[in-house]
Each structure stands twice: as structure tokens, then as C-alpha cells.
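Following: one structure in C-alpha cells, then a few remarks.
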Amino acid sequence: LESNISPVIYLDTFNFSEFENLDAIADELISIAEKHFLKEDLDLNFIYDWEQVKSKLYLCMGYRCNFNPLIFTNPFLADIVQYIRIKMDDVAGDEGIVATVVVSNDMAQRWRDDNNLDADEIFAVAAANAQDDYIVEDLWIMFGADPSVNMSPSEMLVLSNQDKHYGAGVLACTKILNETSDKFGGKDFYIVPSSTHEVLAIRPRDEVNADSLRKMVQMVNDNELTQKELLSYSVYFYERESETVKQAG
């Protein structure tokens with residue numbers, strides 16, 4: 001299959017127990033890719049037109065080492081960089097498909113030259129577009145308030161965007177970070193970089209500290225995530241009074 005757009009299939013949407021073996025899983029993934037393959041290249045000429053593209057930009061976060069010099073990035077904190085994706089609408093007419101294009105330095109330079117923009121202005125537009133897209137979910141409720149889960153309500157919250165793809169840009173969204181603090185009684189809180197798709201907000205308490213959280217992050221990064229899903233090996237802290245994300249400990 002050849003196209004200027006390639007599929008990304010998120011395996012966490014599958015119940016692998018329903019498949020007989022690995023061959024059956026592979027056949028299902030191939031079938032999905034073939035079903036949604038675009039027979040013609042997607043027309044991407046509009047991406048160089050700032051007026052057409054600016055409303056489709058949204059801010060993402062990623063692990064610094066995963067980005068080559070061709071990608072338009074901006075340092076955020078520690079080993080995290082900000083970058084931008086362009087959300088494509090109505091690809092293949094399927095609501096289940098989320099298609100994006102990563103903004104390159106070449107694209108950004110065209111926007112800057114043609115519209116007298118600087119890099120900060122472009123990132124500010126992407127951040128503003130995403131302000132109302134983020135959600136805060138209680139992990140305890142997500143587990144169905146299972147009494148076997150050793151957690152009380154509002155001890156650990158999941159922060160992501162609506163479709164839960166590349167939702168770690170919430171780190172730059174003061175509105176949602178303050179809403180999260182409100183759920184913790186207006187207190188500061190730890191931020192654990194779960195993946196490029198989401199972060200965890202954890203209410204500080206005696207048994208929770210930056211060192212223990214860093215060990216958890218390293219274990220998950222090294223054993224559970226793909227390289228592309230890595231967000232950071234550091235742990236962060238949101239200070240409500242100054243409305244600032246800081247590196248913890």
C-alpha cells in the first residue's frame with residue numbers, strides 16, 4: 001500500500017483474548033489498515049496557507065530525543081518539548097479515524113515568512129485551540145469505583161484531550177490544571193508523564209513523593225510504552241498560586 005498518509009492503530013482498543021493466536025491478531029490489523037487505506041494521496045497543499053490551517057493546529061508534547069531537526073519544536077521543561085499537529089477533518093468519512101500531520105520547520109517557516117509571525121505566536125495559536133478540548137477524569141471512577149482498587153476518589157486524575165490521542169499538551173493548559181487543583185481542594189499536585197496521550201495528576205500525601213513516582217515512571221517507560229509514546233523520565237509539580245508546572249524534587 002502506498003499513500004502520503006500512513007495508519008496508526010492503537011492496540012489498547014483491542015481485547016486480545018478474543019483472538020485465537022498472533023496470526024489472527026495480525027490478520028485483523030492488516031484488515032483494518034486495508035479497509036481505511038486512501039486510494040489517492042491526500043491533498044495537503046492547504047497546510048502552507050496560514051488562514052486555512054491555523055484553526056486546525058493543536059499543541060502536543062513529546063520526549064525530546066524522539067524528534068529530528070526537521071520537526072518544529074519548542075522546549076517545554078526538562079526532557080519534554082512542545083510540537084504541533086494539524087488535525088485533518090473527515091478523512092475517509094470515518095468518525096473512528098483521527099488523522100494528523102506533524103508540523104515541520106519548513107511549514108512553520110512558510111507561515112512565518114508569509115504572515116510576519118514568530119514561533120511563539122504559532123505555538124500560542126495551537127495552545128489556544130486546545131483549551132476547551134481537554135478533560136479531567138477520576139481514575140477511581142474509571143475503574144468503576146471498584147472497592148478492590150486501593151484508591152479513594154479524587155486521589156489520581158487522568159488529564160487528556162477528548163479523543164485521547166496526543167493529549168499531553170494539557171501540560172500547557174492552565175485552565176484545566178486549575179480545574180484539576182480545584183478537585184484536590186485547591187492544592188498543588190504532582191504530574192506524572194504517563195505517555196504522549198495523557199498525564200496523571202496525583203494528590204500529594206505522606207506515601208507519595210517525587211522519588212517513588214520517578215521510579216514508577218521509569219518502570220512504565222522502559223517496560224510498557226513504545227519509544228514514540230514516551231513523554232518524559234521526570235516527574236512534575238503544579239504550583240497553583242503561580243500557575244506554573246515545575247520539575248519535582
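Judged purely by distance below 3.5 Å, without hydrogens or angles, the side chains of Arg85 and Tyr83 pair a donor atom with an acceptor atom. A donor and an acceptor atom, one from each side chain of Asp106 and Tyr48, are located under 3.5 Å apart. With 3.5 Å as the limit, one finds a donor-acceptor pair spanning the side chains of Gln247 and Ser234.
Taking the ring axis of Phe184 as reference, the NZ or CZ atom of Arg203 does not stay both within 45° of it and closer than 6.0 Å to the ring centre. A cation-pi arrangement, defined by a distance under 6.0 Å to the six-membered ring centre and an angle within 45 degrees of its axis, is absent between Lys246 and Tyr238.
To the nearest 0.5 Å, atoms CD1 (Ile71) and CE (Met107) are separated by 8.0 Å. Note that CD of Gln82 and CZ of Arg64 are 14.0 Å apart. Values are rounded to the nearest 0.5 Å. One finds the CZ atom of Arg112 at 11.0 Å from the CH2 atom of Trp50 (value rounded to the nearest 0.5 Å). With rounding to the nearest 0.5 angstrom, the SG atom of Cys60 is 11.5 Å from the CG atom of Leu171. In this structure, the separation between CG on Asn105 and OG1 on Thr73 is 7.0 Å, given to the nearest 0.5 Å.
Side-chain N or O atoms of Ser181 include one that pairs as donor or acceptor with a backbone N or O of Lys187 at under 3.5 Å. At least one donor-acceptor pair under 3.5 Å links the side chain of Asn221 to the backbone N or O of Ser232. With Asp79 contributing its side chain and Tyr233 its backbone, the two residues share a donor-acceptor pair below 3.5 Å. Side chain of Asp188 to backbone of Phe237: no donor-acceptor contact under 3.5 angstrom is found. Judged purely by atom type and a 3.5 angstrom limit, Asn66 uses its side chain to pair as donor or acceptor with the backbone of Gln227. Trp111 places a side-chain N or O within donor-acceptor distance of the main-chain N or O of Ile47, the cut-off being under 3.5 Å. At least one donor-acceptor pair under 3.5 Å links the side chain of Thr180 to the backbone N or O of Ile176.
Both Val103 and Leu117 belong to a common hydrophobic cluster when Ile, Leu, Val, Met, Phe, Trp and Tyr are linked at side-chain heavy-atom distances under 4.5 angstrom. In the hydrophobic cluster analysis, where Ile, Leu, Val, Met, Phe, Trp and Tyr join through side-chain heavy atoms closer than 4.5 angstrom, Val101 is grouped together with Val125.
The shortest heavy-atom contact between Ala210 and Tyr190 is N-OH, 3.6 Å. Nearest approach of Leu231 to Ser195, heavy atoms of both residues: CD2-O, 3.3 Å. In plain terms, the two heavy atoms of Ser194 and Leu225 that are nearest each other are O-CD1, 3.3 Å. The minimum heavy-atom distance between Met61 and Ala172, with the atom names listed, is CE-CB, 3.8 Å. Contact record, Glu198 with Ser160: CB-CB, 3.9 Å, taken as the closest heavy-atom pair. In this structure, Tyr134 and Gly169 approach most closely via the heavy-atom pair OH-C, 3.0 Å.
Within a 6.0 Å sphere centred on CD of Gln218, other residues, nucleotides and ligands contribute 12 heavy atoms or fewer. Applying the 6.0 Å contact sphere to CG of Asp118 captures more than 12 heavy atoms from other residues, nucleotides or ligands.
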Please walk me through it: do Val245 and Ile191 pass side chain to side chain contact (heavy atoms under 4.5 Å, CB included)? CA-CA 9 Å; Val245 176; Ile191 299 174; 4.3 Å; yes
Derivation and outcome, side chain to side chain contact (heavy atoms under 4.5 Å, CB included), residues Ile135 and Asn161: CA-CA 6 Å; Ile135 57 173; Asn161 54 12; over 6 Å; no
Criterion salt bridge (Lys or Arg N to Asp or Glu O under 4.0 Å) on Lys164 and Glu137, from CA distance to verdict: CA-CA 11 Å; Lys164 299 184 180 178; Glu137 296 182 310; 3.0 Å; yes
Where do Val102 and Ile84 land on the side chain to side chain contact (heavy atoms under 4.5 Å, CB included) test, with the steps shown first? CA-CA 6 Å; Val102 175; Ile84 299 172; over 6 Å; no
Working for salt bridge (Lys or Arg N to Asp or Glu O under 4.0 Å), residues Asp163 and Lys87: CA-CA 12 Å; Asp163 58 31; Lys87 185 171 289 189; 3.5 Å; yes
Verdict with reasoning, Asn129 to Lys56, per side chain to side chain contact (heavy atoms under 4.5 Å, CB included): CA-CA 8 Å; Asn129 288 344; Lys56 301 178 186 296; over 6 Å; no
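Residues passing the ring-ring contact (aromatic ring centres under 6.0 Å, His included) test with Phe123, sequence neighbours excluded: Phe72. By the ring-ring contact (aromatic ring centres under 6.0 Å, His included) test, Phe76 pairs with no residue at all, sequence neighbours left out. Under the salt bridge (charged side-chain N to carboxylate O under 4.0 Å, His left out) criterion, Lys228 pairs with no residue at all, not counting sequence neighbours.
Taking the side chain as every heavy atom from C-beta outward, Leu157 and Leu159 approach each other to under 4.5 Å. The closest side-chain heavy-atom distance from Thr196 to Leu230 is not below 4.5 Å. Inter-residue side-chain proximity for Asn115 and Lys54 is flagged as unmet; no heavy-atom pair is nearer than 4.5 Å. Counting heavy atoms from C-beta outward, Leu200 and Val158 have side chains that approach closer than 4.5 Å.
Ion pair Asp49/Arg110 not flagged as a salt bridge, since none of the NZ, NE, NH1 or NH2 atoms sits closer than 4.0 Å to an Asp/Glu carboxylate oxygen. Salt bridge absent: Arg240 and Glu243 never bring a charged side-chain N and a carboxylate O closer than 4.0 Å.
The aromatic rings of Tyr166 and His197 lie tilted to each other, with the angle between the two planes from 30° to 60°.
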